[in-house]
Amino acid sequence: MSEKLRVGILGATGMVGQRFVTLLVSHPWYEIKVLAASARSAGKTYEQAVGGNWKMDTPMPDDVKNMVVRNIQEVEDIADMVDFVFSAVNMPKDEIRAIEEAYAKAEVPVVSNNSAHRWTPDVPMVIPEINPQHYAIIKEQRKRLGTTRGFIAVKPNCSIQSYIPCLAAWKEFEPVKVSVCTYQAISGAGKTFKDWPEMNGNVIPYIGGEEEKSEMEPLKVLGAIKDGKIANAEGLAISAQCIRVPVLNGHTAAVSISFAKKPTKEELIDRLVKFSGKPQELGLPHAPHQFVQYFEENDRPQVALDVDFEGGMGVSIGRLREDNIFDFKFVGLSHNTLRGAAGGAVESAEMLTALGYIEAR
């Protein structure tokens with residue numbers, strides 16, 4: 001790519017927005033041109049707007065400290081300054097839907113980390129290794145919006161990414177029933193232990209909306225385009241429980257699964273370690289070389305040892321064994337703010353760029 005594409009970050013001051021900043025500040029394809037947030041942050045430098053709430057474990061990059069934060073409501077002005085935007089805004093869902101659609105109608109592609117548009121029928125919800133073919137629905141979305149280059153694309157919920165790669169890798173064996181319990185890090189709520197000291201040594205057995213997302217979003221990811229919309233996969237039922245645990249980064253999933261066609265353990269492991277997709281084929285900058293790793297050790301994967309596999313963009317699986325109610329059970333682990341949030345969105349943008357959906361204005 002001869003010239004870098006100009007990118008804006010909507011919701012740049014929050015935890016996911018900060019993660020976008022750290023991933024994009026030296027990106028080989030993209031250059032940060034706009035940092036946007038709410039009216040209370042607008043007009044301040046990024047350093048002033050974030051203040052003492054920088055949540056990353058690396059320092060704020062010097063390149064962005066003195067950038068003046070824009071008001072996300074200045075859609076037309078921002079649209080003139082960027083080729084596309086990432087969305088990580090923290091607003092009510094109806095407001096998120098409205099602002100993302102406003103940018104799309106201003107002919108700005110929107111790659112969103114938010115859940116507001118995940119169930120809009122013509123909005124692709126993509127994990128690039130699994131279902132990049134769903135980006136073809138953008139043509140139908142553009143017809144609805146009346147745009148030529150603007151659109152909205154989303155990534156799915158962070159918690160499902162510790163086990164949905166297994167469902168995709170094992171598609172030939174036809175998964176039919178899945179029971180999953182996710183143990184989710186506090187950064188998934190945009191928090192650190194400094195912000196949320198009551199989580200030290202604590203477990204909370206409820207995360208609002210997570211169980212519904214965990215049960216339904218995989219069905220859309222594993223579905224297919226039919227009649228101008230993305231139809232859910234059929235024949236698969238998922239039951240989920242989602243628990244907040246005292247871990248900073250890393251969502252762990254304990255999963256039991258049954259198949260219509262009975263595989264062996266060796267076949268399942270073989271499909272996992274060989275599983276890759278279009279990002280690996282294209283060598284996208286944020287694509288992990290190995291998407292899924294499998295551990296033979298009984299005490300892996302561990303958050304402390306494995307959450308940063310492939311720069312946080314890989315998925316770790318272990319403890320695959322037969323189950324006395326289901327066919328098999330296993331444990332999965334993924335980094336929730338990298339593979340699950342900002343990193344996954346950046347890889348999605350890279351795929352959209354490689355496929356020609358995102359171009360210079």
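- In summary, of the residues considered (R361, R6, K33), a salt bridge (Lys or Arg N to Asp or Glu O under 4.0 Å) with D83 occurs for R6 alone.
- In this structure, K229 places its NZ atom where only 12 or fewer heavy-atom neighbours from other residues, nucleotides or ligands lie under 6.0 Å away.
- A distance of 10.0 Å separates CG in N53 from CE in M15, rounded to the nearest 0.5 Å.
- Y357 places no side-chain N or O within 3.5 Å of a backbone atom of F151 that could act as its donor or acceptor partner.
- Side-chain atoms of K265 come within 3.5 Å of backbone atoms of L320 as a donor-acceptor pair (strictly under, hydrogens ignored).
- Within a 6.0 Å radius of CG in D227, other residues, nucleotides and ligands contribute 12 heavy atoms or fewer.
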Where do R319 and D299 land on the salt bridge (Lys or Arg N to Asp or Glu O under 4.0 Å) test, with the steps shown first? CA-CA 8 Å; R319 299 211 67 212; D299 62 351; over 6 Å; no
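- Using a distance-only test at 3.5 Å, with no hydrogens or angles considered, no donor-acceptor pair links the side chain of S187 to the main chain of G190.
- The OG atom of S87 sits 9.0 Å away from atom NE2 of H117, with the distance rounded to the nearest 0.5 Å.
- Side-chain N or O atoms of D327 include none that pairs as donor or acceptor with a backbone N or O of D323 at under 3.5 Å.
- Counting only distance, with no hydrogens or angles, the side chain of E47 and the backbone of N66 share no donor-acceptor pair below 3.5 Å.
- Using a 4.0 Å cut-off between charged nitrogen and carboxylate oxygen, E322 and K329 do not count as a salt-bridge pair.
- Pairs of residues two or more places apart, or lying in two chains, that qualify as ring-ring contact (aromatic ring centres under 6.0 Å, His included) and include a residue from residues 73-96 are F20-F86, Y30-F84, F84-F86.
- A salt bridge does not link K220 to E217: none of the charged side-chain nitrogens sits closer than 4.0 Å to a carboxylate oxygen.
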Take T182 and E210, measure what side-chain contact (heavy atoms from CB on, under 4.5 Å) needs, and give me the verdict at the end. CA-CA 9 Å; T182 57; E210 286 292 298; 5.9 Å; no
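- Of the inter-residue distances, the one linking K191 atom NZ with L248 atom CG reads 13.5 Å to the nearest 0.5 angstrom.
- We find the CG-CD distance between L352 and E347 to be 11.0 Å, quoted to the nearest 0.5 Å.
- Of all non-hydrogen atoms in G250 and V247, the two that sit nearest each other are O-CG1, 4.0 Å.
- Residues I317 and Q293 are not in side-chain contact: their nearest non-hydrogen atoms beyond the backbone lie 4.5 Å or more apart.
- Using a cut-off of 4.0 Å between Lys/Arg side-chain N and Asp/Glu carboxylate O, K65 and D62 are scored as salt-bridged.
- In summary, E107 and R149 do not engage in a salt bridge, as defined by a charged side-chain N under 4.0 Å from a carboxylate O.
- Below 30°, between 30° and 60°, or above 60°: for F328 and F259 the angle between ring planes is above 60°, a perpendicular geometry.
- Cluster membership check: M56 shares its hydrophobic cluster with V21, using side-chain heavy-atom separations under 4.5 Å among Ile, Leu, Val, Met, Phe, Trp and Tyr.
- Checking H286 against E350 by side-chain atom types alone, a donor-acceptor pair falls below 3.5 Å.
- Under the 3.5 Å distance criterion, the side-chain polar atoms of N114 are left unmatched by any main-chain donor or acceptor of A116.
- Other residues, nucleotides and ligands contribute only 12 or fewer heavy atoms inside 6.0 Å of the NZ atom of K139.
- Closest approach of R118 and N113 over heavy atoms only: NH2-O, 3.2 Å.
- In this structure, V111 and K155 have side chains that are not in contact, with every pair of non-hydrogen atoms separated by 4.5 Å or more.
- Separating the CD1 atom in I130 from the NZ atom in K171 is a distance of 11.0 Å, to the nearest 0.5 Å.
- Aromatic ring centroids of H251 and H335 lie 6.0 Å or more apart.
- The distance from atom CZ of F330 to atom CG of L268, rounded to the nearest 0.5 Å, is 9.5 Å.
- Ring centroids of Y163 and W170 are separated by 6.0 Å or more, keeping the two rings apart.
- Taking 4.0 Å as the cut-off between side-chain N and carboxylate O, R142 and D122 do not count as a salt-bridged pair.
- In this structure, E234 places its CD atom where only 12 or fewer heavy-atom neighbours from other residues, nucleotides or ligands lie under 6.0 Å away.
- The two residues I257 and F326 have their closest heavy-atom pair at O-CB, 3.5 Å.
- With contacts defined as side-chain heavy-atom distances shorter than 4.5 Å, the pair R244/W196 qualifies.
- Within a 6.0 Å radius of NZ in K44, other residues, nucleotides and ligands contribute more than 12 heavy atoms.
- Proximity of a side-chain donor or acceptor of E140 to a complementary backbone N or O of I137 within less than 3.5 Å is not detected.
- The side-chain contact (heavy atoms from CB on, under 4.5 Å) test applied to E211 returns Q241, C242, not counting sequence neighbours.
- Between R144 and E101 there is a salt bridge, since a side-chain N of the basic residue sits under 4.0 Å from a carboxylate O of the acidic one.
- Shown are I9, V34, V7; of these, the side chain to side chain contact (heavy atoms under 4.5 Å, CB included) with V82 is made only by V34.
- Under the 4.0 Å criterion applied to side-chain N and carboxylate O atoms, R339 and E129 are assigned as salt-bridge partners.
- Within a 6.0 Å radius of CG in N90, other residues, nucleotides and ligands contribute 12 heavy atoms or fewer.
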